[in-house]
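Numbering starts at 1 and runs along the sequence shown. Only heavy atoms go into these numbers, but all of them, side chains included; no hydrogens, no water, no symmetry mates.
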Amino acid sequence: ADRPPGAKNPGRLRFVCGATAEELEAKNAAGNRMPSGVIEITVVTAPKVRVTNQGLKVNGEDKSGDIYNISGKNYFKLRDLAMLLNGTPAQFSVDFDTENSIVYVTPGEAYTPVGGELAAGEDRSASCVESRWTLRIAGGNVDIAAYNMGGNNYFQLRQLGEILGFEVDYDEASRTMLVTSK
């Protein structure tokens, strides 16, 4: 229902279908104002997920692992990446607080393998959802793109490189991810 001039908006949205611009202007002129706030609608679509079909080189050596391409970006399990960079200047350790859903990363500290690193398993792309885990590096929370598939968290490779100090490049001709520790 129309409200008298100066009446407060109770916070409900009213959609007007089929009204022309002239009809809306006439309502406003008569004091029956339309809501004037800005409404933002976000459309969320499921990411396009697949096991990557790209190669991987770490410090010039061919490597492989459980790697997914999600909406055009490559995502790794932290344990896999920690294993690949272990013993290099870009090494880091990984620990988990499952009760509070926190992943702890300590740059410069050697990674201790737990088993199963770099093993490419079955395709779990159908189970892809945004991760609710917090990534904490050197004591501070980090805002980074992350997804969970089959109970494992996957983080965007290029963002990890920027945060942890290793280089990420791509060789278009060979369709190969290039990871280099600094």
Side-chain angles (χ1 to χ4, degrees), residues 41-171 174-182:
I41 298 173
T42 304
V43 177
V44 179
T45 59
K48 182 178 179 185
V49 184
R50 62 180 165 76
V51 174
T52 191
N53 60 1
Q54 300 168 358
L56 171 65
K57 285 191 179 204
V58 177
N59 292 328
E61 294 182 31
D62 288 326
K63 300 290 181 179
S64 63
D66 199 14
I67 309 165
Y68 285 86
N69 187 288
I70 302 174
S71 298
K73 311 277 186 198
N74 290 303
Y75 285 75
F76 282 70
K77 287 189 286 190
L78 278 175
R79 290 183 293 126
D80 286 359
L81 198 53
M83 185 76 162
L84 289 168
L85 293 170
N86 210 22
T88 73
Q91 74 180 1
F92 58 92
S93 67
V94 180
D95 200 7
F96 301 90
D97 176 351
T98 54
E99 187 175 318
N100 295 304
S101 300
I102 300 173
V103 180
Y104 295 97
V105 171
T106 306
E109 194 172 277
Y111 174 69
T112 303
V114 297
E117 290 87 353
L118 304 175
E122 63 185 61
D123 182 354
R124 295 176 291 220
S125 57
S127 68
C128 183
V129 295
E130 279 192 54
S131 177
R132 298 193 186 277
W133 283 64
T134 299
L135 180 61
R136 190 168 290 164
I137 299 179
N141 291 351
V142 176
D143 185 24
I144 186 170
Y147 291 91
N148 187 290
M149 286 178 277
N152 291 301
N153 291 307
Y154 291 78
F155 296 87
Q156 192 183 106
L157 177 62
R158 193 168 297 276
Q159 287 180 324
L160 285 171
E162 291 170 3
I163 294 165
L164 294 171
F166 59 86
E167 293 180 13
V168 176
D169 206 353
Y170 184 71
D171 179 5
S174 65
R175 297 185 40 79
T176 303
M177 296 169 271
L178 306 171
V179 176
T180 309
S181 70
K182 294 181 181 178

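The CG atom of Asn148 lies 11.0 Å from the CD atom of Glu130; values are rounded to the nearest 0.5 Å. In this structure, Leu157 CG and Leu164 CG are separated by 10.5 Å, a value rounded to the nearest 0.5 Å. Expressed to the nearest 0.5 Å, how far CG of Asn86 lies from OG1 of Thr112 amounts to 7.5 Å. Atom CE of residue Met177 and atom NZ of residue Lys57 lie 12.5 Å apart, to the nearest 0.5 angstrom. To the nearest 0.5 Å, atoms CE (Met83) and NZ (Lys63) are separated by 9.0 Å.
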Checklist entry - Between Leu84 and Phe76, is a side-chain contact (heavy atoms from CB on, under 4.5 Å) present by the stated rule, with each step listed? => result CA-CA 11 Å; Leu84 289 168; Phe76 282 70; 4.2 Å; yes
Checklist entry - Can you check side-chain contact (heavy atoms from CB on, under 4.5 Å) on Leu81 and Phe92, steps first, answer last? => result CA-CA 9 Å; Leu81 198 53; Phe92 58 92; 4.1 Å; yes
Next on the checklist: Between Gln91 and Tyr111, does the side-chain contact (heavy atoms from CB on, under 4.5 Å) criterion hold? Intermediate values first, please.
Outcome noted: CA-CA 7 Å; Gln91 74 180 1; Tyr111 174 69; over 6 Å; no
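Smallest separation of non-hydrogen atoms from Trp133 and Thr98: CH2-CA, 3.7 Å. Listed here is the closest heavy atom pair of Tyr68 and Arg124: OH-N, 2.8 Å. Between Met149 and Ser125, the shortest heavy-atom contact is SD-CA, 3.9 Å. Taking each heavy atom of Arg175 and Tyr170 in turn, the nearest pair found is CA-OH, 3.2 Å. When all heavy atoms of Ile70 and Cys128 are compared, the closest pair comes out as CD1-SG, 4.2 Å. Closest non-hydrogen pair, Pro47 versus Tyr147, comes out as CG-CE2, 3.9 Å.
Shown here are the side-chain contact (heavy atoms from CB on, under 4.5 Å) partners of Ile144, two or more places apart in sequence or in another chain: Leu135, Val142, Phe155, Gln159, Leu160, Ile163. Applying the side-chain contact (heavy atoms from CB on, under 4.5 Å) criterion to Thr88, with sequence neighbours excluded, gives Asn59, Leu85, Ala90, Ser181.
Between the side chain of Glu109 and the backbone N or O of Pro107, no donor-acceptor pair lies under 3.5 Å. Side-chain atoms of Thr106 never come within 3.5 Å of backbone atoms of Ser93 as a donor-acceptor pair (strictly under, hydrogens ignored). For the pair Gln54 (side chain) and Thr176 (backbone), a donor-acceptor distance under 3.5 Å is absent. With hydrogens and angles ignored, the 3.5 Å screen pairs a side-chain donor or acceptor of Arg158 with a backbone N or O of Val168.
A side-chain hydrogen bond (donor to acceptor under 3.5 Å, both in side chains) with Tyr154 is found for one member of Asp66, Asp80, Asn74 and no other, namely Asp66.
For Asn53, the CG atom sits in a packed shell: over 12 heavy atoms of surrounding residues, nucleotides or ligands are nearer than 6.0 Å.
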